[in-house]
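The figures that follow rest on heavy atoms only: side chains count, while hydrogens, waters and symmetry mates do not. Note that ligands are numbered from 1 as they come in the structure, with each ligand's atoms numbered from 1 the same way.
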Amino acid sequence: MRKKIVVGNWKMNKTFAEGLQLVEELLASQHDAAITKIIAPPFIHLSAITERVKSENGFEVAAQNCHQASKGAFTGEVSAEMIVSTGVKNVIIGHSERRIYLGEDSTMLAQKVNLALANNLTPIFCLGESLEDRNTNLHLEKVKQQLKEGLFHLSSTDFSKLIIAYEPVWAIGTGFTATTHQAQGMHNFIRAEINKKYGKQISESTAILYGGSCNAENAKDLFSCIDVDGGLVGGASLKANDFITIVNSFS
Ligand code: PEP
């Protein structure tokens, strides 16, 4: 059976004290212990939050990014090795905000995936089409290309370690959520592409999360889709009640 996972991407929100407060509220909440709950705070909070969470009741921590080089003269950057040295187990790679605002391309993202895996970090690899791609019916082609360029160089063993997040760019932070039909359609397409490349066993066991204005009201419908294994949640992860309602939305 595939893992069910909800990731809370805090982006550039929460001071240190606010972050610790949110973690306390999450740990104290009534949540489904069988769901993997991954908190992705800003880098500067990672060490303290990882120390506090200690995999309690299915909680884990993720970094929001890592650099594509293993070390060196890259002022302000953080390496996969540094992240893992704080006890963090996961890293988000290829978020559309970084692809768009920081110009991260497929070559760079493939390097980040390789380094994350080499350091035993689980990549949460984000992909998704723009509104223009969707309106011109190029969304499947775009996602197929992102899969191929970012991930399909991996061996079966490495591919089977990662998590995929389908995040249509037009739905991130906009309040426009993909319909269940659109989400299921794309998740099924991604799974079929994985099947073609890596076979049934790996395609059936890869967790594919939905991201894009997922919230406490729509999570139940989205998570009821057969190929949706959970969510990557931005705005709604900043309030403990909303995040926990989403975690508890699997039927
Ligand atoms: C995200 O940050 O990946 C995201 C999906 O944001 P939001 O839930 O706010 O749309």
> Which atoms from ligand 1 have a heavy atom of His95 less than 4.0 Å away?
1 (C), 2 (O), 3 (O)
> Any side-chain donor-acceptor pair under 3.5 Å between Glu132 and Trp170?
no
> Measure the distances from the heavy atoms of Cys126 to every atom of ligand 1 and state whether one is below 4.0 angstrom.
no
> Can a side-chain donor-acceptor contact be found between Asp133 and Ser130 if the only test is distance below 3.5 angstrom?
yes
> Indicate whether the side chain of His187 and that of Asp229 have a donor and an acceptor atom separated by less than 3.5 Å.
no
> List every atom of ligand 1 that sits less than 4.0 Å from any heavy atom of Ala171, numbering the atoms from 1 in the order shown and giving each element.
10 (O)
> Any nitrogen or oxygen of Asn9, side chain or backbone, less than 3.5 Å from one on ligand 1?
yes
> Nearest non-hydrogen atom to atom 10 (O) of ligand 1 belongs to which of Gly173, Ser237, Cys214?
Gly173
> Quick one: which ligand 1 atoms are inside 4.0 Å of a heavy atom on Gly212?
5 (C), 10 (O)
> For Gln68 and Glu104, run side chain to side chain contact (heavy atoms under 4.5 Å, CB included): C-alpha distance rounded to whole Å, both residues' side-chain angles, the deciding distance at 0.1 Å, then the answer.
CA-CA 10 Å; Gln68 65 275 17; Glu104 295 196 351; 5.7 Å; no
> Are the charged groups of Glu193 and Lys148 less than 4.0 angstrom apart, N to O?
no
> Determine whether the aromatic ring centres of residues His139 and Phe189 are separated by less than 6.0 angstrom.
no
> By number and element, which atoms of ligand 1 are closer than 4.0 Å to a non-hydrogen atom of Glu167?
1 (C), 3 (O), 4 (C), 5 (C)
> What residue among Asn90, Thr36, Ile38 forms side-chain contact (heavy atoms from CB on, under 4.5 Å) with Val7?
Ile38
> Please list the nearest protein heavy atom to atom 9 (O) of ligand 1 with its residue and the distance rounded to 0.1 Å.
Gly235 N, 2.9 Å
> In the protein, what heavy atom is nearest to atom 2 (O) of ligand 1, and what distance, to one decimal place, separates them?
Lys11 CE, 2.6 Å
> Can you list the atoms of ligand 1 that are under 4.0 Å from a heavy atom of Leu232?
3 (O), 5 (C)
> Looking just at side-chain N and O atoms, do Gln145 and Glu141 make a donor-acceptor pair shorter than 3.5 Å?
no
> Tell me the nearest of Ser213, Gly234, Ala236, Pro168 to atom 4 (C) of ligand 1, using heavy-atom distances.
Gly234
> Examine the proximity of ligand 1 to Ile172 and report which part, side chain or backbone, both or neither, has a heavy atom under 4.0 Å away.
both
